[in-house]
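Scroll down for the structure; my scribbles are underneath it.
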Amino acid sequence: MGCGNSFRLGVPLYTWNLAGYRYGHALSGTPHRHAFGGLTDVAFRMIRLLEAGRDADWPF
C-alpha cells in the first residue's frame, strides 16, 4: 500500500523520488498520479503543464 492510496483517484497527487530508487513510493503514469525524479525549480513548472494537459520537451 503506497501513499497514493490515501487520496481518491480523481485527486491529483504529485510526489518526488528524492532517494533515487528505481521504483517510486506511489503509483504514477495515470491521469492524476505523477512522480518526479529529483527536486528542482523546473519540477514545479511541470505541475502547471500537467494540469493544463500539455506536454513539454527538453529543456522545459
Side-chain angles (χ1 to χ4, degrees):
M1 181 170 166
C3 67
N5 295 330
S6 301
F7 301 94
R8 291 187 332 246
L9 290 178
V11 175
L13 177 65
Y14 303 96
T15 61
W16 282 265
N17 181 354
L18 302 178
Y21 295 119
R22 181 175 175 190
Y23 299 103
H25 55 279
L27 293 175
S28 66
T30 62
H32 299 289
R33 299 293 188 256
H34 308 282
F36 299 95
L39 182 59
T40 66
D41 292 342
V42 175
F44 291 102
R45 286 190 234 156
M46 291 298 297
I47 293 173
R48 186 176 53 212
L49 292 171
L50 288 166
E51 289 182 348
R54 298 181 53 198
D55 293 325
D57 292 325
W58 185 263
F60 310 106

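Values in this document were obtained by computation on a predicted structure and should not be read as measured data.
Atom CZ in Phe36 sits 8.0 Å away from atom OG1 in Thr15 (nearest 0.5 Å). Glu51 contributes atom CD, which lies 10.5 Å from atom NE2 of His32 (distance to the nearest 0.5 angstrom). Separation of atoms OG1 (Thr40) and CZ (Arg45) is listed at 8.0 Å; rounding is to 0.5 Å.
For the side chain to side chain contact (heavy atoms under 4.5 Å, CB included) test, residues two or more places apart in sequence or in another chain that qualify with Leu39 are Trp16, Leu18, Phe44.
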